[in-house]
Amino acid sequence: MRFSKLLIPTVKEVPSDAQLPSHIYLLRGGFIQNAGGSGLYNFLPLGKRVLDKVRRVVKEELDRVGCQEVSLAFVTPASLWQESGRYEKYGKELLRFKDRKENEFVLGPTHEEMMVNLVRQSVKSYKQLPQHLYQINWKFRDEVRPRYGLMRGREFLMQDGYSFHVDETDMKREFALMEETYKRIFRRLGLDFRVVEADSGAIGGSGSKEFMVLAESGEDTLVVCKSCDYGANIEAAKRAAPAYTPKPLSQEGKVATPGTTSIEAVARFFDVDATQTLKIVAKEAHFEGGKSEIVLFALRGDDALQEVKACNAVGADDLSDASEAQLEALGLPAGYLGPVGLSDEVKICFDEALRGATAMVCGANEAGYHIAGYAVPEDITFVDIAEVREGDRCVHCGAELTHTKGIEVGHIFQLGTRYSEPLKCEFLDENGKAKPMVMGTYGIGVSRLLAAIIEQHHDDKGCIWTKESAPFTLEIILGDAKNERAKEVAESLYEVIGDRIEVLYDDRAKERFGAKMKDFELMGIPFALIVGKGVNDGKVELVERANGERHYLEIGDDLAETAEALLATIADLQSKRG
RNA sequence: CGGGGUGUAGCGCAGUUUGGUAGCGCGCAUCGUUCGGGACGAUGAGGUCGCAGGUUCGAAUCCUGUCACCCCGACCA
């Protein structure tokens with residue numbers, strides 16, 4: 001395509017509110033444009049091309065393993081969401097509205113309900129299973145805080161797939177297949193990523209895995225093992241039981257400890273390590289239906305509460321800090337909370353790390369007092385609610401765990417019958433017995449991938465698109481439009497290879513060489529062919545965007561031959577770089 | 001929702017303290033000179049100063065309200 005005919009509004013300056021390289025370069029390179037509202041973007045011709053490239057990779061890999069593309073209604077009747085119980089639960093992110101007849105609708109943020117509805121109407125027999133249907137469509141989530149351009153928009157392109165099975169075993173087979181398929185997709189896009197264990201969140205279900213593109217700017221914290229391939233979102237990370245070696249206490253029983261309301265102060269007072277203390281984190285847990293209660297979480301003194309884990313442990317939707325007044329109402333003195341002498345009304349959860357701990361120091365539930373020599377009871381239930389720290393040990397191999405940042409670009413879930421049961425999505429088995437289908441669900445943030453690719457592939461000059469994501473493979477740069485010979489060569493080469501590979505021909509007469517090079521670097525097209533001064537010596541120059549390397553090609557008498565040599569060189573370099 | 005910040009030309013900003021003709025850079029248009037790393041000169045187009053109300057002879061500037069956007073914390077592809 002000719003640059004002179006395309007709308008590619010590259011700019012030197014960007015709004016100062018753009019922070020991340022991906023946001024800055026997507027705006028500057030003329031890929032996207034803010035649509036006038038927070039988290040809403042228009043895709044300009046160049047951005048749309050990249051989006052389509054990425055989308056195609058996703059579609060090809062899914063189709064290859066037998067998934068079927070469909071397109072569901074974007075506007076979803078609220079009644080479906082009421083049936084699944086998510087209408088109440090999903091909260092304000094769900095955009096709700098009414099039509100002219102006062103019927104209620106939602107703008108689909110995800111489509112479990114709609115897809116289940118589709119399948120329950122048309123699939124009745126085990127003979128029709130399994131089925132895997134997906135779509136690549138725009139989603140709207142009224143995010144609390146959209147940010148970072150395409151990274152977290154309110155409107156975003158998502159691939160969402162749903163599989164339906166006769167039993168758990170078959171669903172798990174599909175789950176494993178999708179894990180492999182997603183890996184292929186992200187590999188093809190040239191991403192450095194990690195598959196990690198994850199929390200299932202609002203979607204529900206049991207096992208889930210996230211695909212994380214490793215990047216400093218990532219919004220998620222990952223726990224990864226330095227030795228084996230274990231990785232998990234910090235919200236779901238496990239660790240081996242930390243070592244516990246208490247030292248003898250100089251005092252036992254109830255001890256007056258005025259002014260020691262922090263773990264640090266308590267440890268100093270008793271001259272023990274923080275590991276030998278027990279701390280209580282008090283939270284107000286909010287449950288479905290608006291109920292809430294105060295819950296105490298008992299952790300080892302050196303650990304921190306992981307709120308997502310804690311939520312799951314008590315089955316709450318959300319946790320907030322408990323106020324001192326709320327604690328007092330239950331007779332609990334802030335700063336001296338402990339696991340002893342609690343009334344039956346107060347719920348308490350013990351973290352795994354406390355299992356078998358003895359000779360601990362904990363609050364006495366009396367202001368100004370601690371208990372020394374507390375032994376954690378053995379007949380209680382322990383739950384995993386502590387945040388895994390760097391330096392903790394891997395549950396699989398015992399090696400050291402470390403933290404890293406990641407961008408979530410994919411998430412796969414083993415749903416089970418979370419939706420098929422309430423929505424009565426059933427089939428008849430061999431015995432004519434009705435059973436709920438067992439489901440899996442799989443999602444990729446397609447528009448977010450553009451941002452993730454740039455986060456991993458850019459330099460101080462602009463984008464560096466990977467082979468399969470690039471809007472064009474080659475840009476032909478006509479150095480000086482007044483140079484007749486150069487123009488002739490550029491035009492001819494463009495004509496010859498224009499339908500063999502994707503070429504952007506920068507034929508602009510009003511821009512000079514420097515500006516064209518800057519635009520090339522900003523747009524991040526993998527190769528540029530400079531047709532300029534060199535033609536006088538019978539040469540053109542092929543530049544690689546990623547490393548700046550230049551390769552000189554002779555212009556033969558037959559430009560068709562030159563074109564072939566050019567294509568061969570590009571193919572060669574592409575295979576060399578992977 | 002809590003805390004912080006910003007709204008002035010398509011983009012980036014100054015002007016607001018101390019009320020008095022709305023400015024600069026980029027970009028855009030025309031002409032000329034340039035032409036291998038974001039050229040130069042000349043001329044020109046483009047703004048109800050986020051919105052509403054108030055104070056005043058007079059408001060971008062002061063007051064009140066309101067909206068939007070951005071950044072830091074609780075959610076998600």
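Just the heavy atoms: all of them, side chains too, but no hydrogens, waters or symmetry mates, feed the values below. Note that the structure is predicted; figures quoted are calculated from it, not measured. Residue numbering restarts at 1 for every chain, and letters A, B, ... go by the order of the sequence lines.
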Check your understanding: Base, sugar-phosphate alone, or nothing: which one does A:Val409 contact when heavy atoms must sit under 4.0 Å apart?
Key -> sugar-phosphate
Check your understanding: Looking only at atom P, what distance separates B:rG12 and B:rG7, rounded to whole Å?
Key -> 11 Å
Exercise for review: Remember a base hit wins even if backbone is also touched, and classify A:Asn34 as base, sugar-phosphate or nothing at under 4.0 Å, heavy atoms.
Suggested key: nothing
Check your understanding: When only distance counts, do a donor and an acceptor, one from the side chain of A:Arg141 and one from the base of B:rC76, lie under 3.5 Å apart?
Key -> no
Check your understanding: Taking only side-chain nitrogens and oxygens of A:Arg152, does any of them come within less than 4.0 Å of OP1 or OP2 of B:rC75?
Key -> no
**Study point:** Rounded distance in Å between the P positions of B:rC75 and B:rU66
**Key:** 29 Å
Exercise for review: Ignoring the backbone of A:Ile530, work out which of B:rC75, B:rG38, B:rG36 is nearest its side chain.
Suggested key: B:rG36
Exercise for review: Specify the residue among A:Gly514 and A:Leu157 whose closest nucleotide of RNA chain B lies further upstream toward the 5′ end.
Suggested key: A:Gly514
Check your understanding: Looking at A:Trp465 versus A:Tyr25, is the centre-to-centre ring distance below 6.0 Å?
Key -> no
Check your understanding: How long is the line joining CZ of A:Phe520 and P of B:rG36, in whole Å?
Key -> 18 Å
Exercise for review: Would you please classify the geometry between the A:Tyr442 ring and the A:Phe175 ring as parallel, tilted or perpendicular, with 30° and 60° separating the classes?
Suggested key: tilted
Review point. Touch check for A:Glu235, heavy atoms < 4.0 angstrom, all strands: base, sugar-phosphate only, or nothing?
Key: nothing
Point to revise | Atom pair distance, as rounded to whole Å: CG in A:Asp160 and P in B:rC76 | key: 16 Å
Review point. To the nearest Å, how far apart are A:Ile24 CD1 and B:rC70 C1'?
Key: 14 Å
Review point. Do the side-chain N or O atoms of A:Tyr134 get closer than 4.0 angstrom to the phosphate oxygens (OP1, OP2) of B:rA77?
Key: no
Review point. If you look at every strand shown and take non-hydrogen atoms under 4.0 Å, does A:Lys510 touch a base, only sugar-phosphate, or nothing?
Key: sugar-phosphate
**Study point:** Length of the line joining A:His286:NE2 and B:rA74:C1', which is rounded to integer Å
**Key:** 11 Å
Check your understanding: Using a cut-off of 4.0 Å on non-hydrogen atoms, how would the nucleic acid contact of A:Gly161 be classed: base, sugar-phosphate, or nothing?
Key -> nothing
Practice item. Could you tell me whether A:Gly479 contacts a base, only the sugar-phosphate backbone, or nothing, with contacts defined as non-hydrogen atoms closer than 4.0 Å? Key: nothing
Exercise for review: Check whether the ring centres of A:Tyr134 and A:His132 lie less than 6.0 Å apart, and answer yes or no.
Suggested key: no
Review point. Hey, is A:Arg55 close enough to A:Glu69 for a salt bridge, meaning N to O under 4.0 Å?
Key: yes
Exercise for review: Give A:Phe211 one of three labels, base, sugar-phosphate or nothing, depending on what nucleic acid heavy atoms sit under 4.0 Å from its own.
Suggested key: nothing
Check your understanding: Is the aromatic ring centre of A:Phe513 closer than 5.5 Å to the centre of the six-membered base ring of B:rG37, with the two planes inclined by less than 30°?
Key -> no
Practice item. Considering only atom P, compute the distance from B:rC49 to B:rG10 and round it to an integer number of Å. Key: 13 Å
Exercise for review: Under a 3.5 Å limit for both distances, which nucleotide forms a Watson-Crick or G-U wobble pair with B:rG41, could you say?
Suggested key: B:rC31
**Study point:** C1' gap between B:rA14 and B:rA60, integer Å
**Key:** 12 Å
Check your understanding: Between B:rC72, B:rU34, B:rA77, which one does the side chain of A:Glu408 approach most closely?
Key -> B:rA77
Check your understanding: Using atom C1' of each nucleotide, how far apart are B:rG46 and B:rC28 to the nearest Å?
Key -> 9 Å
Check your understanding: Hey, does the side chain of A:Ser38 come within less than 4.0 Å of B:rC70's phosphate (OP1/OP2), counting only N and O?
Key -> yes
Review point. Is A:Asp220 touching bases, backbone alone, or none of the nucleic acid, heavy atoms closer than 4.0 Å?
Key: base
**Study point:** Whole angstrom value for the distance that separates P of B:rG37 from CG of A:Asp460
**Key:** 18 Å
Exercise for review: Would you kindly say whether A:Glu113 and A:Ser84 are connected by a side-chain donor-acceptor distance under 3.5 Å?
Suggested key: yes
Point to revise | Spacing between A:Arg512 atom CZ and B:rG38 atom P, to the nearest angstrom | key: 8 Å
Exercise for review: Give a yes-or-no answer on whether the side chains of A:Ser320 and A:Lys283 include a donor-acceptor pair shorter than 3.5 Å.
Suggested key: no
Review point. Does any N or O donor sit under 3.5 Å from an N or O acceptor when you compare the side chain of A:Arg145 with the base of B:rG3?
Key: no
Review point. If you measure from the P atom in B:rC69 to the same atom in B:rG32, how many Å do you get, rounded?
Key: 46 Å
Check your understanding: Is A:Glu307 touching bases, backbone alone, or none of the nucleic acid, heavy atoms closer than 4.0 Å?
Key -> nothing
Check your understanding: Roughly how far apart, to the nearest Å, are B:rG19 and B:rU56 at atom P?
Key -> 16 Å
Point to revise | Any-strand Watson-Crick or G-U partner of B:rC1, both distances under 3.5 Å | key: B:rG73
Point to revise | Interatomic distance where CD belongs to A:Glu511 and P belongs to B:rG37 [whole Å] | key: 14 Å
Practice item. Could you tell me whether A:Gly534 contacts a base, only the sugar-phosphate backbone, or nothing, with contacts defined as non-hydrogen atoms closer than 4.0 Å? Key: base
Exercise for review: Before accepting this row, confirm whether a basic side-chain N of the pair A:Asp160/A:Lys139 lies closer than 4.0 Å to the acidic partner's carboxylate O.
Suggested key: yes
Exercise for review: Verify the ring-centre separation between A:Phe3 and A:Tyr505: is it less than 6.0 angstrom?
Suggested key: no
**Study point:** Check: B:rG25 base within 3.5 Å donor-acceptor of A:Glu13 side chain
**Key:** yes
Check your understanding: How would you label the glycosidic angle of B:rU21: syn (within 90° of 0) or anti?
Key -> syn
Practice item. Give the nucleotide from the list B:rC70, B:rU34, B:rC76 with an atom nearest to the side chain of A:Lys482. Key: B:rU34
Practice item. Write down the partner of B:rA9 under the Watson-Crick or G-U wobble criteria, each distance required to be under 3.5 Å. Key: none
**Study point:** Carboxylate-amine/guanidinium contact A:Lys516 A:Glu511, below 4.0 Å
**Key:** no
Check your understanding: If you find the nucleotide of RNA chain B closest to A:Gln19 and the one closest to A:Glu521, which residue's nucleotide is nearer the 5' end?
Key -> A:Glu521
Review point. What is the distance from CG of A:Asp317 to C1' of B:rA74, rounded to the nearest Å?
Key: 14 Å
Point to revise | Separation of the C1' atoms in B:rA42 and B:rG5, to the nearest angstrom | key: 42 Å
Review point. What is the nucleic acid contact for A:Val14, judged by heavy atoms within less than 4.0 Å: base, sugar-phosphate only, or nothing?
Key: sugar-phosphate
Practice item. Check every atom of B:rA77, B:rC75, B:rC76 against the side chain of A:His411 and return the nucleotide holding the closest atom. Key: B:rA77
Check your understanding: Now, which nucleotide makes the Watson-Crick or G-U wobble pair with B:rG46, with each of the two distances under 3.5 Å?
Key -> none
